[in-house]
*Asks:* 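Please read through the structure below; I'll follow up with questions.
The shown structure was predicted, so the numbers you read here are calculated from the model rather than taken from an experiment. Read the numbers this way: they start at 1 and go in the same order the structure lists the ligands and their atoms.
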Amino acid sequence: MPNKLNRRQFVAAGAAVGVFARGPQVITRGVKPVVVAAGNGNRSKNSAGLTCVAKAFKMITEGSDVLDACIAGVNIVELDPEDTSVGYGGLPNADGVVQLDASVMHGPRKSGGSVACLEGVRTPSLVAKKIMDETDHVLLVGKDAQRFARLMGFTIEDDLNTPKSRDLYLEWKRRTDPEHYLNPKDRAELGYHVALEMVAEGKIDPDHFHGTINCNAVNSKGEICGTTTTSGLAWKIPGRVGDSPILGAGLYVDGEVGAAGSTGRGEANLLTLASFQIVESMRQGMHPKDAGMAALRRIKSQTISKRLLNRRGEPNFNVNYYIVNVKGEYAGVTMYNSNGMSSFAVCNEKGPENVKLEALLNGSAND
Ligand code: ASP
């Protein structure tokens with residue numbers, strides 16, 4: 001995963017807006033504040049030059065609510081037309097429609113909200129937050145979620161495709177002539193195969209085929225929150241919902257324990273409720289890294305279907321976790337880090353950095 005922002009560039013950006021120039025205003029009460037996110041949490045930048053993790057860290061150290069800070073961070077990525085895995089410009093489903101999923105969880109409030117199959121709103125994380133704040137419910141989906149968003153004052157757009165996501169969709173469509181599929185299962189398999197081909201040819205950034213951003217943070221008071229937002233699997237069957245909006249799968253936060261969130265094959269997390277499992281493992285005393293590895297081992301042992309196994313008999317997909325506990329300890333783990341380049345984004349009092357994801361298995365998913 002390429003590092004789009006090195007330390008020197010970050011410090012320059014921070015200095016430009018006076019963020020880290022005089023040092024962050026960290027009030028420690030035993031917990032060192034930290035923000036962790038998927039690798040794209042250190043790529044897209046706002047007009048002040050801040051990435052997702054830098055923005056969220058600045059806000060939590062200035063006293064903002066931790067969830068508001070995480071959401072403000074991921075909004076930068078949701079609004080970036082160049083990130084084809086999240087929000088505006090996210091790759092569309094098999095019918096060319098961008099359908100977005102997102103979730104939020106607030107540790108201190110012991111509350112959460114999520115939205116799935118949402119069309120026309122660039123920032124689904126903010127809609128998930130509204131569902132948490134304004135309703136008695138946790139999850140709204142599809143057209144009714146859009147109607148709710150309209151009522152809440154969100155702008156509804158006809159189409160969230162950008163020229164880039166539309167071009168990639170048309171290329172995929174050309175290669176998967178719909179007359180050649182017999183049923184939705186064959187179509188999904190052909191679609192997946194062609195999409196992998198496009199990744200191998202460098203048309204789609206591998207990190208953005210299974211994309212998404214998850215961002216979790218803890219402040220100096222030990223308050224923990226998190227959010228996950230995505231356009232989901234590229235070219236998915238219309239109506240497919242992944243793990244990102246399902247609490248316990250793509251995100252889980254317990255204010256007394258910690259937070260975990262994921263990117264990668266959502267179906268694996270839906271079948272194991274991996275984020276919930278990670279938080280529960282931390283509750284039993286595991287370090288974030290060990291808890292993440294335990295979830296990866298569970299997925300490995302649960303994956304027995306031949307079409308999901310590579311030649312070594314191991315999962316032929318990747319999945320990643322971003323984890324933080326109430327003590328401010330954190331980890332980023334992955335099933336495979338084949339080229340050793342995949343990283344996750346971290347920001348603490350030293351500024352933002354890209355940290356290598358630790359892998360459970362050697363080799364790569366497709367060997
Ligand atoms: N986990 C997300 C999903 O399955 C997307 C991804 O990270 O690929 O929808």
Side-chain angles (χ1 to χ4, degrees), residues 1 36-41 43 52 74 77-78 83-87 89-94 97-104 114-119 124-125 128 139 141-142 160 165 168 172 188 191-192 195-196 198-199 204-216 226-252 260-276 278 292 295-296 299 303 308 315-323 332-337 342-345 357 365-366:
M1 191 177 287
V36 298
N40 47 354
R43 286 186 190 156
C52 166
V74 300
V77 188
E78 290 175 323
D83 190 308
T84 55
S85 70
V86 178
L91 293 177
N93 66 20
V97 179
V98 180
Q99 291 186 325
L100 305 175
D101 299 335
S103 58
V104 299
S114 56
V115 65
C117 280
L118 178 66
E119 297 173 15
S125 59
L139 172 61
V141 304
L160 293 185
S165 67
L168 286 166
W172 178 80
Y192 186 67
L196 288 179
M198 290 171 69
V199 171
I204 301 174
D205 177 348
D207 292 324
H208 285 177
F209 174 56
H210 275 116
T212 305
I213 183 162
N214 158 250
C215 177
N216 308 314
T227 178
T228 302
T229 174
T230 189
S231 50
L233 181 68
W235 334 127
K236 60 196 172 186
I237 289 181
R240 178 265 190 187
V241 172
D243 59 322
S244 306
I246 305 301
L247 303 183
L251 173 71
Y252 197 72
S262 181
T263 60
R265 184 177 160 81
E267 283 70 12
N269 289 328
L270 286 167
L271 290 170
T272 56
L273 288 184
S275 293
F276 179 72
I278 291 170
L296 289 166
I299 286 181
T303 305
L308 294 174
N316 63 10
F317 55 83
N318 213 353
V319 64
N320 319 294
Y321 300 107
Y322 316 98
I323 310 161
V333 299
T334 180
M335 190 70 85
Y336 300 100
N337 193 349
S342 291
S343 58
F344 68 111
L357 285 165
N366 298 309

*Asks:* In terms of side-chain heavy atoms, does T263 have a donor or acceptor partner in Y322 at a distance below 3.5 Å?
*Replies:* yes
*Asks:* Minimum distance, heavy atoms only, to atom 1 (N) of ligand 1: which one of G242, G264, S244, G232 is it?
*Replies:*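 Going through G242, G264, S244, G232 one by one, G264 has the nearest heavy atom to atom 1 (N) of ligand 1.
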*Asks:* What atoms of ligand 1 come closer than 4.0 angstrom to any heavy atom of R240?
*Replies:* 3 (C), 4 (O), 9 (O)
*Asks:* Where's the contact between T230 and ligand 1, heavy-atom distance under 4.0 Å: side chain, backbone, both or neither?
*Replies:*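 T230 to ligand 1: side-chain contact only, backbone stays beyond 4.0 Å.
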*Asks:* For a quick check under 3.5 Å, do S275 and N269 share a side-chain donor-acceptor pair by atom type?
*Replies:*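 Not at all, the side chains of S275 and N269 share no donor-acceptor pair under 3.5 Å.
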*Asks:* Determine the sole option in N214, V74, N216, D101 for which the side chain to side chain contact (heavy atoms under 4.5 Å, CB included) test with T228 is passed.
*Replies:*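 With T228 as partner, N214, V74, N216, D101 yield a single side chain to side chain contact (heavy atoms under 4.5 Å, CB included), made by N214.
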*Asks:* So is S262 polar-close to ligand 1, meaning N/O to N/O under 3.5 Å?
*Replies:* no
*Asks:* Any nitrogen or oxygen of D243, main chain or side chain, under 3.5 Å from a nitrogen or oxygen of ligand 1?
*Replies:* yes
*Asks:* Using a strict cut-off of 4.0 Å, indicate which atoms of ligand 1 neighbour a heavy atom of T263.
*Replies:* 7 (O)
*Asks:* Within the 4.5 Å heavy-atom criterion, are V333 and L296 side-chain neighbours or not?
*Replies:*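 Yes, their side chains come closer than 4.5 Å.
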*Asks:* Any donor and acceptor pair, going by atom type alone, linking the side chain of T227 with main-chain N or O of S103 inside 3.5 Å?
*Replies:* yes
